[in-house]
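The structure under discussion appears below in the form of structure tokens.
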Amino acid sequence: ALLRRLGLSLLLLLPPLAAVLSPKEEPTLRLTALSLLDSLLSAEGFLAAPEWAEMGEHVLAAMLLPNAVWRAGKPAEHVRLASYSCVQKLLSADAISGEQLGAHMGGALPLLVAGGGDGKNETR
């Protein structure tokens, strides 16, 4: 709501988020960014923005899938779960086309299947 009041495009936030979501960054920083992205994906009108068609594939491939890779430790587990949550929102909202999803299935499918066996009910 604040961004709409200021007249800013929600998609202006994606490039800085992409930089913060690099797997080289600290897990707590990535978790915060994923939480923000999760909120944006739930925001009314965000996925309906005209620019989304161009950005959706980038969000999946460059921001979410790298954070779904298994890494040891509780903070990494929380990052992984947050990434799965965002992927689930993208897929359930049909926010990326079948063609865009198909282009990344080779890398996405093993990560998403592994997440189902994570021992967490949230990823099943």
Side-chain angles (χ1 to χ4, degrees):
L2 175 63
L3 294 174
R4 282 189 293 260
R5 283 186 148 181
L6 295 175
L8 298 174
S9 169
L10 293 175
L11 294 176
L12 290 175
L13 292 176
L14 292 181
L17 276 177
V20 171
L21 286 171
S22 166
K24 295 177 183 174
E25 297 294 338
E26 291 293 320
T28 52
L29 180 61
R30 289 186 287 137
L31 185 59
T32 302
L34 284 166
S35 177
L36 175 60
L37 182 58
D38 191 74
S39 295
L40 290 172
L41 293 173
S42 299
E44 185 178 328
F46 182 72
L47 295 174
E51 302 95 339
W52 180 257
E54 299 170 18
M55 299 295 288
E57 184 175 5
H58 175 73
V59 169
L60 176 69
M63 297 167 69
L64 298 177
L65 293 180
N67 285 292
V69 173
W70 191 91
R71 291 174 183 82
K74 282 289 185 190
E77 177 183 349
H78 294 294
V79 167
R80 199 168 51 253
L81 292 174
S83 180
Y84 293 148
S85 174
C86 289
V87 169
Q88 185 271 330
K89 285 186 179 184
L90 282 178
L91 296 179
S92 65
D94 292 327
I96 56 175
S97 71
E99 184 177 295
Q100 290 172 320
L101 181 60
H104 300 283
M105 276 315 277
L109 192 57
L111 294 173
L112 299 176
V113 169
D118 204 354
K120 297 287 181 188
N121 290 335
E122 295 92 352
T123 60
R124 291 184 192 169

| query | Under the side-chain contact (heavy atoms from CB on, under 4.5 Å) test, which residues partner E57, sequence neighbours left out? | reply | Q100, A103, H104

| said: Taking side-chain contact (heavy atoms from CB on, under 4.5 Å) as the definition, give me every residue that meets it alongside L31, ordered by chain and number, with sequence neighbours left out. | reply: H78, V79, A82

| Contacts of A18 that satisfy side-chain contact (heavy atoms from CB on, under 4.5 Å) - sequence neighbours left out | H58, M63

| Heavy-atom distance under 4.5 Å between the side chains of I96 and L91, does that happen here? | yes

| task | Could you pull out the closest heavy-atom pair between P66 and A62, with the gap in Å? | result | CG-O, 3.6 Å

| task | Sort and list the pairs that fulfil salt bridge (Lys or Arg N to Asp or Glu O under 4.0 Å) and have at least one residue in residues 86-95, not counting sequence neighbours. | result | D38-K89

| field | Reported CG-to-SG distance for the pair L65 and C86, which is rounded to 0.5 angstrom | value | 11.5 Å

| request: Please determine which of L81, V87, L21 meets the side chain to side chain contact (heavy atoms under 4.5 Å, CB included) test together with N67. | output: L21

| message | Just so I know, are the side chains of P27 and R30 near enough to count as touching, which here means a heavy-atom distance under 4.5 Å? | response | yes

| message | I'd like to check W52 versus L14 (side-chain heavy atoms, cut-off strictly below 4.5 Å). Are they in contact? | response | yes

| message | Taking L36 as the starting point, is it possible to reach L47 by hopping between hydrophobic residues whose side chains are less than 4.5 Å apart? | response | yes

| query | Rounded to the nearest 0.5 Å, how far does CG of L34 lie from OG of S39? | reply | 11.0 Å

| Residue list, side-chain hydrogen bond (donor to acceptor under 3.5 Å, both in side chains) with S35, at least two apart or on another chain | none

| task | Quick one: list whatever passes side-chain hydrogen bond (donor to acceptor under 3.5 Å, both in side chains) with E25, sequence neighbours left out. | result | none

| said: With a 4.5 Å cut-off on side-chain heavy-atom distances among I, L, V, M, F, W and Y, is there a chain of contacts connecting V20 to L37? | reply: no

